[in-house]
Amino acid sequence: MGDRIMPETKGSTVTPKQETKSAETEKAEATERTITARRGAGVKVPAGAKAKAVQVEKAGPTKPAAVTTAAAPKEAMTRGYEQFAEFGTENFRAVFAAGSVLAKGMETLSEEVTTYTSDSFEAGMEAAKALGECKTFAEALDRQSAFARISFDKFVAETTKLSEISAKLAKDTVKPINARVDAATENFVKTIVT
C-alpha cells in the first residue's frame, strides 16, 4: 500500500524534521538578543560577550552526560554484587554464631541454677529434719542460725558464680557481632576514602 502522507494541519508549526534547540544555543541566542537590545539603548556591551554567544551557537547542541552505571563494566558490577552477598552471608554467620554461644551459655546458666536449687532444697530438708530432732529451744536456735549462715554463704557464692558466667556469656555472645560491625565500619571508611 505504500507510504501514506499525513495531511498538514493548520496551526502546526513543528515539522517532523525540525530539531529542538539545546540549552546552550538558546542561551547564546538570548545573549545575542540582549546585546542587540543594549546597543539599541546606547549601553556599552563587553567585547567578549558577543564572541562567546557566537562560539556557543557554532558548537551546536551538546550531548547529554553519559550515565556512569551504564558505562561501568559488568565485571565491576558483578564483583560488587558478590561482595555485597558475601558480606550479608558473613553477617548471617555472625548472628548464627552469637545465637549458638547464647544458647550454650543459657544452658550452662540453667544447669547452675538447677543444681543450686536442688542442693538448697536438700539442705533445707536436712535442716528441717535436724530441727525436728532438737531437744531444747537453744539447740534448735543454734542449728537454725548455722543453717541460715551456711545458706547465705552458699547464696552469695552462687550469685557471684552466676554473675561471672553471665558476664562471660554476654562478652562471648557479642564478640561475633562486634567483629561484623568492625568489618562494616572498615568497608564504609574504605568506600568514603576511595
Side-chain angles (χ1 to χ4, degrees), residues 20 22-24 26-27 61-194:
T20 59
S22 70
E24 286 89 12
E26 288 178 5
K27 187 175 182 181
T62 59
K63 296 179 181 176
V67 180
T68 56
T69 55
K74 284 186 176 180
E75 296 84 28
M77 291 174 65
T78 303
R79 186 176 54 241
Y81 175 74
E82 288 172 354
Q83 289 173 347
F84 178 75
E86 182 180 335
F87 190 77
T89 302
E90 291 299 319
N91 288 344
F92 179 75
R93 287 181 183 153
V95 170
F96 185 75
S100 297
V101 169
L102 180 64
K104 288 177 185 175
M106 292 304 287
E107 183 179 342
T108 303
L109 277 172
S110 175
E111 288 172 1
E112 278 296 320
V113 169
T114 303
T115 302
Y116 172 72
T117 305
S118 176
D119 291 347
S120 294
F121 182 74
E122 287 176 14
M125 292 301 287
E126 287 177 18
K129 187 177 180 182
L131 281 174
E133 295 173 355
C134 291
K135 303 221 186 236
T136 65
F137 181 71
E139 186 182 355
L141 193 59
D142 287 341
R143 285 189 182 180
Q144 178 61 31
S145 61
F147 172 72
R149 187 174 49 253
I150 292 170
S151 294
F152 181 74
D153 290 343
K154 284 183 180 179
F155 175 75
V156 169
E158 189 65 26
T159 304
T160 304
K161 187 175 182 181
L162 290 175
S163 295
E164 290 171 357
I165 291 172
S166 297
K168 185 178 182 316
L169 174 62
K171 183 180 174 184
D172 292 345
T173 300
V174 175
K175 193 181 289 184
I177 294 173
N178 281 343
R180 294 311 303 157
V181 169
D182 291 344
T185 304
E186 185 178 318
N187 278 345
F188 182 71
V189 169
K190 281 181 185 176
T191 304
I192 289 176
V193 171
T194 56

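Heads up: numbering here begins at 1 and tracks the sequence.
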How long is the gap from [atom1] on [X] to [atom2] on [Y], to the nearest 0.5 Å?
X      : Y      : atom1 : atom2 : value
Ile165 : Leu109 : CD1   : CG    : 5.5 Å
Ser120 : Glu158 : OG    : CD    : 8.0 Å
Asp142 : Leu131 : CG    : CG    : 10.5 Å
Lys168 : Thr108 : NZ    : OG1   : 9.0 Å

Salt bridge (Lys or Arg N to Asp or Glu O under 4.0 Å) partners of [X], counting only residues at least two apart:
X      : answer
Glu164 : none
Glu90  : Arg93
Lys171 : none
Lys175 : none

**side-chain contact (heavy atoms from CB on, under 4.5 Å) assessment of Met125 paired with Lys129** = CA-CA 6 Å; Met125 292 301 287; Lys129 187 177 180 182; over 6 Å; no
**Request:** Take atom CZ of Phe87 as the centre, draw a 6.0 Å sphere, and report whether it contains more than 12 heavy atoms from other residues, nucleotides or ligands.
**Result:**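 Above 12, so yes.
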Nearest non-hydrogen partners of [X] and [Y], listed with the distance:
X      : Y      : value
Ala127 : Phe147 : CB-CD1, 3.3 Å
Val101 : Leu169 : O-CD1, 3.5 Å
Ala98  : Ile177 : CB-CD1, 3.8 Å

**Request:** For the pair Phe152 and Phe155, name the ring-plane relationship: parallel under 30°, tilted 30 to 60°, perpendicular over 60°.
**Result:**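 Correct class here is tilted.
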**Item:** Side chain Ser118, main chain Thr114, donor-acceptor under 3.5 Å
**Value:**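 No; judged by distance alone, with no hydrogens or angles, the pair does not exist.
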**Message:** For Met106, is there any backbone N or O sitting under 3.5 Å from a side-chain donor or acceptor partner on Ser110?
**Reply:**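 Between the backbone of Met106 and the side chain of Ser110 there is no qualifying donor-acceptor contact (under 3.5 Å).
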**Item:** Contacts of type side-chain hydrogen bond (donor to acceptor under 3.5 Å, both in side chains), residue Asn91, not counting sequence neighbours
**Value:**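 Result, side-chain hydrogen bond (donor to acceptor under 3.5 Å, both in side chains) vs Asn91: Arg180.
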**Item:** Which residues share a side-chain hydrogen bond (donor to acceptor under 3.5 Å, both in side chains) with Gln83, sequence neighbours left out
**Value:**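 By the side-chain hydrogen bond (donor to acceptor under 3.5 Å, both in side chains) rule, Gln83 matches no residue at all.
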